[in-house]
Amino acid sequence: MKVKMLSRNPDNYVRETKLDLQRVPRNYDPTLHPFEVPREYVRALNATKLERVRIWNLTKRNCIRTIQAHEGFVRGICTRFCGSSFFTVGDDKTVKQWKMDGPGFGEEEEPLHTILGKTVYTGIDHHWKEGIFATCGQQVDIWDEQKTSPICSMTWGFDSISSVKFNPIETFLLGSCASDRNIVLYDMRQATPLKKVILDMRTNTICWNPMEAFIFTAANEDYKEVYHTKRMQHVICVKWTSDSKYIMCGSDEMNIRLWKANASEKLGVLTSREKTAKDYNQKLKEKFQYHPHIKRIARHRHLPKPIYSQIQEQRIMKEARRRKEVNRLKHSKPGSVPMVSEKKKHVVAVVK
Amino acid sequence: MVQDLQALDSHRKEFKNESWWGIRAAKSLLALREQEELEDLPNDYPSSTSEDEGDSGGERKHQKLLKAISSLDGKNRRKLAERSEASLKVSEFTVSSKGSGERLVLSDLLELVKTSSSLATVKKQLNRVRSKKTVELPLNKEEVERTHREVAFSKTSQALSKWDPIVQKNRQAEQLVLPLVKEQSAFAPIEHVLSGWKARTTLEQEIFNLLGKNKQPVTDPLLTLVEKASLKAMSLEMAKMRRAELQRARALQSYYEARARREKKIKSKKYHSVLKKGKAKKSLKEFEKLRKANPAAALEELEKLEKARTMERMSLKHQNSGKWAKSKAVMAKYDLEARQAMQDQLARNKELTQKVQVASESEEEEGGEEEEGDLLVPDAVNEAHVTTDGPNPWMVRNHSDDTKEAEIQKDSEQLPEPMANEASESEEEERPVAEEEILLKEFKESQSLRKMSALNQDTKPVGRQETGDSSTQEVLSKLRALSQKLNKDNHPCRKQNMGSVRTVLSTQREGPAGEEEEPLLLQSPERAQTLEELKELSKEGCFQNEELPRPALEGQQVERNNQPSAPKKKMKEQMIDLQNILTTKSPSVKSSAVPTIEELEDEQEREQKQMIKEAFAGDDVIRDFLKEKRVTVEASKPKDVDLTLPGWGEWGGVGLKPSAKKRRRFLIKAPEGPPRKDKNLPNVIINEKRNIHAAAHQVRVLPYPFTHHQQFERTVQTPIGSTWNTQRASQKLTTPKVVTKPGHIIKPIKAEDVGYRSSSRSDLSVIQRNPERLSIHHKKQLKKN
């Protein structure tokens, strides 16, 4: 007599070691899972709630070196592309180059070079590949490191330029922003400005995209993200770290702060399970981002009360404006009221 | 006066124009004038017929020219004009009309020059000047700058456009890992790092002094001699070879392991017994070799055997006393195999408990054959042989045990032999039989398989037949409809037709039963049907009219399509009457007092309405709306629940329905819900399905990249978690768009990285190459410096 038995391969259900996860056989038949969307939605809600600000105390960030660089304000600072030295400009109309390493034993702290200019410089940026740097003030000057006078200077109208930045990819391109709300692009090779865009708000500084040569960001009042903590006052300057994980800022109350760029991100090495969970949560947030509750939680920030109330006010104003526009569109002859995209609303004019 | 003024104006214009040719043109003119003067001196009054006229004309022209040139500075333009008027109008000799509309043309000036060949260069120059068009005004500074900027912008934007495809690609990429280029972690040797370093502080200097005392190499090289030697101990090639060897060994081992694992899994007992025997033989041979080569080692082997013997004697493993053995003992009476198995076990016991003789030197001489035999077959077969030879393990055992027992054992030993033989014989006999059986089985199996396949083939055509049947039914219905239509005509051939249709159907129904055994022939029943259908149709056609069949068919189809809608229409019409009462204005009662104009207007209105009605005759919006409303109201009403189970408590089966009583009993009537909000609003449908609690979680506006709500719903509907997807799928679904690594600097993208050729010239060199483009401001600065 032959008896047939059910036989299962233990490899399919037995874990190799005690530390492994228990294997759970699953049936992926969609008819057996009628609540997949609601369940994922709940997961998305929880994933969004995880994104809370946690403030990390970074102790022992001691100061290595202090330089008395300028008389008066130091208006701008930039490092050389190689990282061996850095440049500063100040209210005393000078441009100074300093060594990155501290002075040796018995040496005095002195700049490598000092250039005395005619006007006050308000900003400086270094070329990404060569020994060239650009300063701004009344005009944009391009300097050779070896020379004491600018090799070319470019102007367009008369206004004080607050910041100038080299394009990291097409390195001959420059962008500057001035106090009369405009942004001007320059071509260093042809020694001429290219185009001027006047916005409805003043731009403090600009930053080029390191991956897309023709994209840059302008720092305006219309922010996207808020980093806030107690006792922080007027923030003067902000920088991302090069690995895009942290943000540093210096503020009026003489503190340098290091922020996690993404507050809910976990630092350190992630296990594979943590990583998959993180990816899954991110994707869920992305998938359900338009749902009102998830949007609300994701948008929420703890803010000081005056800012919070101002934001509310602004929101109401914005909504009213939008409603009015919609109504106007609705009750006018089709085609008579043009639809202006949000991107174009902020541009007052483009000057050739 | 006026004419003169005009003339002067024209002159001035000309000169203005000419002056705009540039300074060079003006200069050449001046030079020309000088030349003329110079020429006039020697060639005073050249002989010609029109001496006076030419002279006077020339003088006048000269005067004019001078005036014009002097007027170029523009200060005393008007004055000049005033001054000239008298001289022009009043001439000494005649009232000349020449001056009024005359213009100074270059050719006039050249006429004089033509005669002398020495002025060829000037002539050429003048010709060139004349041939050239007038140069336009130089633009003002702002405009120049703007054009510069525009040109530069177009150039730069063109240069940047090469990044478009890359940016596009990166944006559309499934995943972008930043930094794009992996950094090569370069470890600089410490000597290089420290090469530029000097000890400057006192502490450092002290430490270096100490190091120097101990002969520790401070600068390059930092390694001591011993360290160097150890580094050089193995050359790179040697190391490589060694590594390769190790790799090979590892691979071989893994192959061996895999093979062993595979062999271990083989369940065949026969295979294992053969294997065991082979192993035993092999071990024996090896033992022999060992005995010859290395007697000490052989002795050790023997000791091992001895140990196994003691172990066996201690245990009851092969004493026929276990559970298995007892169960076999029950069966042993009837089952040959069981008996055999028991015997085998006992034999094994004996074999193991047999005392292994320590190989003596005398035996060594005798050779390996007997020994081999001993070890291989320690059975009763060799017993006599062993007894003659020397100390008999059996004897030893016999001495220790009872002789009877031994005898019994002998018997038992002897008994199984023939049995075993028999068994083997029977096996041998059986083997061919078994083979035959196998062959038979195979044959049967193949037969059955064939049958199965045949059945399958059968079933397939049956299925087809079914589909065919359905199609035939369709055809039937069609034909019926057709014949009905034909009925109207009261054609005499109607009955025949029907008959033919019936016959066709009957043949088709019979078809499958008859044709089951020939599935191949049945491959395309449908086609056959269609053919038949066509035939039938043609028949009909010949009965009635040759052109009839197709239109008839179409008409009939249309009729079929219309059939369901026809009763609905009637229903609708009924509804509309009600509705019309509801919606249309009640006709105003007209009195004779109402003025006729109004009536006219009314008529006009009516006409208008009529027109509109005619225009929109096709789409009755109101009816559609009412219908929609009725449908929604019906749908929103709670439904009764029927809980009757057929066959429960009474007979069930095909064609039997549960009794009315039972149905009544188990029908749960749904409670009537609250009245609809739009109950009294005939023109409104209020959707009561909307759930406020759910609405809080619903997306109100279609998000940007989606163009249709279905797309969005679909994206939300598809789960991405591992609970509903396979691991691989969920991993793929949840890959992040951008991945950054902590601590890795994201450098800006480079042209070389993405396969573009970056410009070889540096920006600095380009700037220095075109200094003329530097702005004026900067030039000033340079001058100052």
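Sequence lines set the chain letters: A, B, ... in the order given, protein chains first and strands last, and positions in each chain run from 1. Treat the numbers as computed from the prediction; the structure is a model and nothing was measured.
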When the ring centroid of [X] is compared with that of [Y], is the distance short of 6.0 Å?
X	Y	answer
A:Tyr41	A:His291	yes
A:His293	B:His697	yes
A:Trp128	A:Phe166	no

Indicate yes or no: does [X] engage [Y] in a salt bridge with an N to O separation below 4.0 Å.
X	Y	answer
B:Glu174	B:Lys737	no
A:Lys260	A:Glu265	no
A:Glu40	A:Lys287	yes

Based on non-hydrogen pairs under 4.5 Å, which of [options] is most in contact with chain A?
options	answer
B:Thr715, B:Ile745, B:Thr726, B:Asp164	B:Thr726
B:Leu178, B:Asn170, B:Thr723	B:Thr723
B:Leu733, B:Val151, B:Val699	B:Val699
B:Gln698, B:Arg171, B:Glu204	B:Arg171
B:Lys747, B:His744, B:Lys741	B:His744

Of the backbone (N, CA, C, O) and the side chain (C-beta and beyond), which part of [X] lies under 4.5 Å from a heavy atom of chain B, both, or neither?
X	answer
A:Asp187	side chain
A:Glu212	both
A:Ile169	both
A:Leu173	side chain

Find out whether the Lys NZ or Arg CZ of B:Arg149 is both under 6.0 angstrom from the six-membered ring centre of A:Trp156 and within 45° of the ring's axis.
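Cation-pi check for B:Arg149 and A:Trp156: passes.
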So what's closer than 4.5 Å to chain A heavy atoms on [X]: side chain, backbone, both or neither?
X	result
B:Gln717	both
B:Asn725	backbone
B:Leu180	side chain

Among [options], who wins on heavy-atom pairs under 4.5 Å with chain B?
options	answer
A:Pro168, A:Ser244, A:Pro292	A:Pro292
A:Ile142, A:Thr276, A:Thr148, A:Thr171	A:Thr171
A:Gln289, A:Lys195, A:Arg39	A:Lys195

Measuring from atom OH of A:Tyr246 to atom OG1 of A:Thr241, what distance do you get when rounded to the nearest 0.5 angstrom?
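Taking OH in A:Tyr246 and OG1 in A:Thr241, the distance rounds to 7.5 Å.
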Rounded to the nearest 0.5 Å, how far does NZ of A:Lys245 lie from CG of A:Leu258?
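That separation rounds to 13.5 Å.
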Only pairs under 3.5 Å count here: list side-chain donor-acceptor contacts from residues 30-38 of chain A, not counting sequence neighbours, and write none if there are none.
{"unit_1": "A:Thr31", "atom_1": "OG1", "unit_2": "A:Asp29", "atom_2": "OD1", "d": "3.0"}
{"unit_1": "A:Thr31", "atom_1": "OG1", "unit_2": "A:Asp29", "atom_2": "OD2", "d": "2.9"}
{"unit_1": "A:His33", "atom_1": "NE2", "unit_2": "A:Asn27", "atom_2": "O", "d": "2.8"}

